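Source: prediction; values computed, not measured. Positions are given from 1, in the same order as the sequence printed here.
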Amino acid sequence: QVQLVESGGGLVQAGGSLRLSCAASGSGFSINTMGWYRQAPGKQRELVATITSGGSTVYADSVKGRFTISRDNAKITVYLQLNSLKPEDTAVYYCNAYVVVKTISYLYWGQGTQVTVSS
């Protein structure tokens, strides 16, 4: 079974930066598209960014120019660099990934990591 584990969240002041990591572990699988989503208190979970195995990226309009998604295929890890943070970025950030086992894709989610931005 594959597990996705996020890390790197924390408490920062507005204008600060954080770097989130999501590492996949297990065996007998490969990873296609990976992404980051976030959910603020009382709000629906929303897409932040995605990245394909080839490196193509998609960003939510609210984070364009501030956040950067990247991946290290050798480490089976996806990163999210959060710069110029705003209080409205406060949320639990979740990693997800399409995990391929014997040609079939399964969508996996991590447990989430808290990002809190103070004004």
Side-chain angles (χ1 to χ4, degrees):
Q1 187 174 9
V2 179
Q3 291 186 328
L4 302 177
V5 180
E6 301 100 331
S7 62
L11 173 63
V12 299
Q13 293 185 344
S17 298
L18 286 172
R19 185 174 177 85
L20 309 183
S21 299
C22 174
S25 63
S27 62
F29 70 92
S30 62
I31 301 293
N32 286 335
T33 299
M34 305 184 76
W36 288 94
Y37 290 71
R38 67 186 182 186
Q39 187 167 21
K43 301 295 181 67
Q44 298 294 316
R45 189 173 298 186
E46 64 178 358
L47 180 145
V48 176
T50 63
I51 184 167
T52 68
S53 59
S56 297
T57 58
V58 173
Y59 294 93
D61 288 341
S62 60
V63 307
K64 285 181 179 177
R66 299 189 299 120
F67 294 3
T68 302
I69 188 170
S70 61
R71 65 191 289 166
D72 184 331
N73 290 333
K75 295 182 178 180
I76 323 177
T77 300
V78 63
Y79 305 94
L80 186 69
Q81 179 68 43
L82 299 79
N83 296 328
S84 303
L85 283 163
K86 305 174 182 179
E88 51 263 44
D89 294 319
T90 295
V92 177
Y93 284 70
Y94 297 90
C95 170
N96 76 358
Y98 282 93
V99 179
V100 180
V101 180
K102 296 182 179 179
T103 77
I104 305 299
S105 291
Y106 303 86
L107 182 60
Y108 279 73
W109 290 88
Q111 83 289 347
T113 185
Q114 177 71 46
V115 171
T116 302
V117 184
S118 62
S119 60

- line: Heavy-atom closest pair (S21 atom, T77 atom, distance to 0.1 Å) is CB-CG2, 4.5 Å
- request: Please lay out, stage by stage, how V115 and T90 fare under the test side-chain contact (heavy atoms from CB on, under 4.5 Å).
  value: CA-CA 5 Å; V115 171; T90 295; 5.9 Å; no
- prompt: Side chains of S17 and N83: do they bring a donor and an acceptor to under 3.5 Å?
  reply: yes
query: Do you know the tightest heavy-atom contact between A91 and A40?
result: CB-N, 3.7 Å
query: Do W36 and V99 belong together in a cluster built from hydrophobic side chains that touch within less than 4.5 Å?
result: yes
- request: Mind checking the CD1-CD1 spacing from I51 to I31? Nearest 0.5 Å is all I need.
  value: 13.0 Å
field: CZ (F29) with more than 12 external heavy atoms under 6.0 Å
entry: yes
field: cation_pi(R19, Y79) dist<6.0 Å, angle<=45
entry: yes
- prompt: Out of curiosity, does V2 fall in the hydrophobic cluster containing V78 (side-chain heavy atoms, cut-off under 4.5 Å, transitive links)?
  reply: yes
- prompt: In terms of side-chain geometry, is the basic nitrogen of K64 or D61 positioned less than 4.0 Å from the acidic oxygen of its partner?
  reply: yes
- prompt: What about I76 and L20, same hydrophobic cluster or not, with Ile/Leu/Val/Met/Phe/Trp/Tyr joined at side-chain heavy-atom distances under 4.5 Å?
  reply: yes
- prompt: Is a donor on one side and an acceptor on the other found under 3.5 Å between the side chain of E6 and the backbone of G112?
  reply: yes
- prompt: Which heavy atom in L4 sits nearest to a heavy atom in A97, and how many Å separate them?
  reply: CD1-N, 3.8 Å
query: Does one hydrophobic cluster hold both W109 and I104, with members joined at side-chain heavy-atom distances below 4.5 Å?
result: no
task: Inspect the surroundings of CD in E88 and state if more than 12 heavy atoms from other residues, nucleotides or ligands are less than 6.0 Å away.
output: yes
statement: The reported gap from CZ in R38 to CD in Q114 (rounded to nearest 0.5 angstrom) is 12.0 Å
message: Hydrogens and angles aside, do R45 and Y37 bring a side-chain donor and acceptor to less than 3.5 Å of each other?
response: no
task: Go through V100 and Y106 one step at a time and tell me if the side-chain contact (heavy atoms from CB on, under 4.5 Å) criterion holds.
output: CA-CA 6 Å; V100 180; Y106 303 86; over 6 Å; no
query: If you group Ile, Leu, Val, Met, Phe, Trp and Tyr by side-chain heavy-atom gaps below 4.5 Å, do V92 and V12 land in one group?
result: no
message: If I compare all heavy atoms of S105 with all of N32, which pair ends up nearest, and what's the gap?
response: OG-ND2, 4.3 Å
query: Taking R66 for the side chain and Q81 for the main chain, is one N or O donor matched with an acceptor at less than 3.5 Å?
result: no
field: Pairwise distance OH(Y98) to OG1(T50) - rounded to 0.5 angstrom
entry: 9.5 Å
- prompt: Is the backbone of T113 close enough, under 3.5 Å, to the side chain of Y94 for a donor and an acceptor to pair up by distance?
  reply: no
- request: List the steps, then state whether side-chain contact (heavy atoms from CB on, under 4.5 Å) holds for L80 with V48.
  value: CA-CA 9 Å; L80 186 69; V48 176; 4.1 Å; yes
task: Check the pair M34, S53 against side-chain contact (heavy atoms from CB on, under 4.5 Å), reporting the backbone distance first and the verdict last.
output: CA-CA 8 Å; M34 305 184 76; S53 59; over 6 Å; no
